Amino acid sequence: MSAESKKAHNFIQSLIEDAVTKGEHTQQVVTRFPPEPNGYLHVGHAKSICLNFGIAETFAGACNLRFDDTNPEKESQEYIDAIKKDVEWLGYTWAGNVRYASDYFDALYSFAEELIEKGKAYVCALSAEDMAEYRGSLKEPGRNSPYRDRSAEESLKLFRDMRDGKYQNGELVLRAKIDMASPNMNLRDPILYRIRYAEHHQTGNKWCIYPMYDFTHPISDAMEGITHSLCTLEFEDHRPLYDWVLDNITAPCQPRQIEFARLNLNYTITSKRKLKRLVDEHMVDGWDDPRMPTISGMRRRGYTPESVRTFCDMVGVNKAGGTVDMGMLEFAIREDLNTRAPRAMCVMRPLKVTITNYPADKTETLILPVHPQNPAMGQREVPWSQTLYIDREDFVEEVPRKWKRLAPDQAVRLRGGYVITCKEVVRDASGEIVELRCEYDPATLGVNPEGYKPNGVIHWVSESSSVGCDINLYDRLFNHESPDSDKEGDLVDHLNPHSLEVLKGARVERSLATPLTDLPYQFEREGYFFCDQELTAAAGKPVFNRTVTLRDSWAK
Ligand code: ATP
Ligand code: MG
């Protein structure tokens, strides 16, 4: 059992290593990733996935995928399928079959009866309001329920009647009998089971009572032989209950719960409930909208699994909560794509350029590298002819200081091609510039003649050999650093109105007529762009999503 050296150590890894070294931990390490199938996974879940599967990998152990499915009304098969796909896409393989907490409903039910028989649980008929009132507060101890001392026989009968459908939603609950005066509110006789007449996506209508998370989770862990149950910090206060449940039943084993800090990212939200609201209220185009911090959204935007895993490594695992800068996630994808993404030229807002001294019937095929630092990626053919397009934003008539692009009577190199000089600006009736008439210098293909220096390098495509495409320029979904902090009003008020700009009529070089679907391109001088397969099929021409710009434009 040796730790993988290239990955950063985290405190959980050190703690397990320590136990292994001292001989305190001798079994195989078994972890689990336990999502509730009530939404799509987000970048916070990616951290938990990398941690759980990473620990299993490090110690040659196993990691289970378990759906924590005890709230049938909020869950669905759609979410289960999406979650499985996301975990696989991140590059992880769960041990054996997918598991469900609902696989253990029979066992959970028996353990509940065991607690009742031992006098450790009772059926309570207090209304929800009364129960809250009896529970006390952080400052005041609670009071015992009047049903707390009913006999085990009576509770057992009532519990069976609950199961058999003899009571309505909310009429009765099963509660643990722990301590109504405990300073830890979670130990004030927490609910273990409640009545819910709801069809379950796995068990259909078999059950009308469903176990609570705090009862289900430790038992599911124990049933699967989980050795380390890693969860986020908000469960720290639940740990005594986790242990209480396992201490008071004939548990198959005693997993250890260890908490770590949630991942929070600025300029976005990491809560399935709030993300669902954006989807339900059509503020985004579905769970996989490329602006969403969901794994499916990041995938559609062009994030690679490697970049998401690198990001999770960079973030690390610790006990201290905090917020990570979105710039770090963007850095991770930029670094990954810089070394791997094929280069191409795409003109976003085409402006026609006619090379007046170039023959109308001639075409030259220029050969450019697919990647400037990686010859193994090969070469691409980029035809040059009389009519070309450059970006509207690469031309001005009034030249600002340090202008490194085209202007009247200024010379600029077209990337990989010739140097051209603008001789004439053509306008339409409304005064808008519709064409530039330029001259090229035949001696400048790939070289600058002695004493000659063009004013910069810009990208271009030729009219006859480029392909029309649409571009989705995505930016951050929110323009506020912490859009869901309650003090700052409603998160909808912080949606960035410029999070999507659609450019119709862009033109991309011919080699991208059928774009790669597994990796984004670097469009020179513009950023990284990933072909959206769904939108491409619908549009009948390539549609590219901007993954990330070349530089961080948000950094202050
Ligand atoms: P949400 O509030 O988004 O629904 P959750 O914690 O309720 O999150 P679960 O489906 O229960 O979602 O989470 C599955 C696992 O992922 C849990 O172990 C949980 O602790 C972990 N997890 C969820 N959100 C984060 C996060 N932001 N950072 C790290 N781990 C997370
Ligand atoms: Mg949850």
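Just so you know, residue 1 is the first one in the sequence shown, and it goes up from there. Remember, it's 1-based here, ligands and their atoms both numbered in the order they're listed. The analysis underlying the following values was restricted to heavy atoms, covering all of them including side chains, and did not include hydrogens, waters or symmetry mates. Note that the coordinates shown come from a computational prediction; the quantities given were computed from them, not determined experimentally.
Here's the thing with Arg32: none of its N/O atoms is less than 3.5 angstrom from an N/O atom of ligand 1. Of the polar atoms of His42, at least one N or O is found under 3.5 Å from an N or O of ligand 1, judged by distance alone. For a threshold of 3.5 Å applied to N or O pairs, the pair formed by Lys272 and ligand 1 contains at least one separation below that value. Where the criterion is an N or O separation shorter than 3.5 Å, residue side chain and backbone included, Glu36 meets it with respect to ligand 1. Polar contact with ligand 1: present for Leu263 (N/O pair, distance under 3.5 Å).
No side-chain donor from either of Asn186 and Asp237 sits under 3.5 Å from a side-chain acceptor of the other. Side-chain contact annotation: Glu36 with Asn71, donor-acceptor N/O pair under 3.5 Å present. Under 3.5 Å, the side chains of Asp189 and Tyr134 contain no donor-acceptor pair of N or O atoms. In this structure, a donor-acceptor pair under 3.5 Å is absent between the side chains of Gln27 and Thr227. Between the side chains of Asp69 and Ser102, a donor-acceptor pair is found at a separation under 3.5 Å.
Residues Phe159 and Tyr109 place their aromatic rings such that the two centres sit under 6.0 Å apart.
Of the heavy atoms in Arg273, none comes closer than 4.0 Å to ligand 1.
Near Ser271, meaning under 4.0 Å from any of its heavy atoms, are these atoms of ligand 1: 3 (O). Annotation for ligand 1: atoms under 4.0 Å from non-hydrogen atoms of Pro35 are 10 (O), 14 (C). Atoms of ligand 1 lying under 4.0 Å from at least one heavy atom of Pro34, given by number and element, are 14 (C), 18 (O). Remark: ligand 1 atoms within the under-4.0 Å shell around heavy atoms of Thr232 are 19 (C), 20 (O), 29 (C), 30 (N), 31 (C).
Summarising the local packing, CD of Glu281 is surrounded by more than 12 heavy atoms from other residues, nucleotides or ligands at distances under 6.0 Å.
Distances shorter than 4.0 angstrom do not occur between any heavy atom of Phe235 and any atom of ligand 1.
Nearest heavy atoms, Met314 versus Met328: CE-CG, 3.4 Å.
Nearest to atom 25 (C) of ligand 1 by heavy atom, out of Gly44, Gly39, Ala261, is Gly44.
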